[in-house]
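In what follows, a single structure is set out as structure tokens and then discussed.
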Amino acid sequence: MEEKELRELLQQRLHLELMCFKDSTLQQGKEDIFKASYRIEIYVNLYEILLAYTENLQSGMIRELLGLSFGILDHLYQEWLDREDSFYAELREYACYELETIPKKADPYAGEEEKDGTEPDQAA
């Protein structure tokens, strides 16, 4: 089998994995689908990334991937869950910092009395 045909088979396999995942997800209730939103996003992104990346694979690697007895997308998703990505760390840092600044943004005069020892002027 030529490399082009192998590549097309791998792309078809990835597409089939995504469609099976989509079908099984859509069989669930609305709440379960909502709970799976992160998984759905990651599956779709992985599929798009891998589809483009298959162009870079050699026939030997394609054959190995085609011979796997488990789902490629699911495997990568499970591995991804074990990683702490920078997005979460950055979001945590941002949220914690902003949480402390919200009161100051809501009341621009908050903390004024600390600066000069007097209470801020208030209109009656």
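Numbers here simply count residues along the sequence, with the first being 1.
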If hydrophobic clusters are built from ILVMFWY residues whose side chains come within less than 4.5 Å, do [X] and [Y] share one?
X	Y	result
L65	F70	yes
Y47	I40	yes
L91	Y38	no
Y53	L16	no

Has [X] got more than 12 heavy atoms of other residues, nucleotides or ligands less than 6.0 Å from its [atom1]?
X	atom1	value
E98	CD	yes
E55	CD	yes
F87	CZ	no
M61	CE	no

Min side-chain heavy-atom separation [X]-[Y] under 4.5 Å:
X	Y	value
E93	E90	no
Y94	L99	no
M1	L9	yes

Check your understanding: Angle class for the F21/Y43 ring planes (parallel below 30°, perpendicular above 60°, tilted otherwise)?
Key -> parallel

Exercise for review: Identify whether the distance between the nearest side-chain nitrogen and carboxylate oxygen of E17 and R13 falls below 4.0 Å.
Suggested key: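 Answer for the salt bridge query: yes.
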
Review point. T54 pairs by side chain to side chain donor-acceptor pair (under 3.5 Å) with which of E8, R7, Q11?
Key: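 The single option meeting the side chain to side chain donor-acceptor pair (under 3.5 Å) with T54 is Q11.
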
Quick one: pull up [atom1] in [X] and [atom2] in [Y] and give me the separation to the nearest 0.5 Å.
X	Y	atom1	atom2	answer
N45	L76	CG	CG	12.5 Å
L57	L6	CG	CG	11.0 Å
E64	S59	CD	OG	10.5 Å
S37	D32	OG	CG	11.5 Å

Identify the heavy atoms of [X] and [Y] that sit nearest to each other, and give their distance.
X	Y	value
L73	L50	CD2-CD1, 3.9 Å
Y77	L46	N-CD1, 3.9 Å
I42	W80	CD1-NE1, 4.0 Å

Check your understanding: Is it the case that Q27 and S24 place a side-chain donor and acceptor less than 3.5 Å from each other?
Key -> no

**Study point:** Pair listing, salt bridge (Lys or Arg N to Asp or Glu O under 4.0 Å) test, anchored in residues 37-48, at least two apart
**Key:** R39-D74

Point to revise | Partner set under ring pair (Phe, Tyr, Trp, His ring centres under 6.0 Å) for F34, not counting sequence neighbours | key: none

Exercise for review: Please lay out, stage by stage, how R63 and L66 fare under the test side-chain contact (heavy atoms from CB on, under 4.5 Å).
Suggested key: CA-CA 5 Å; R63 280 189 173 89; L66 287 170; 5.6 Å; no

Exercise for review: Could you please spell out the steps behind the side-chain contact (heavy atoms from CB on, under 4.5 Å) verdict for L10 and I72?
Suggested key: CA-CA 10 Å; L10 180 57; I72 296 169; 4.0 Å; yes

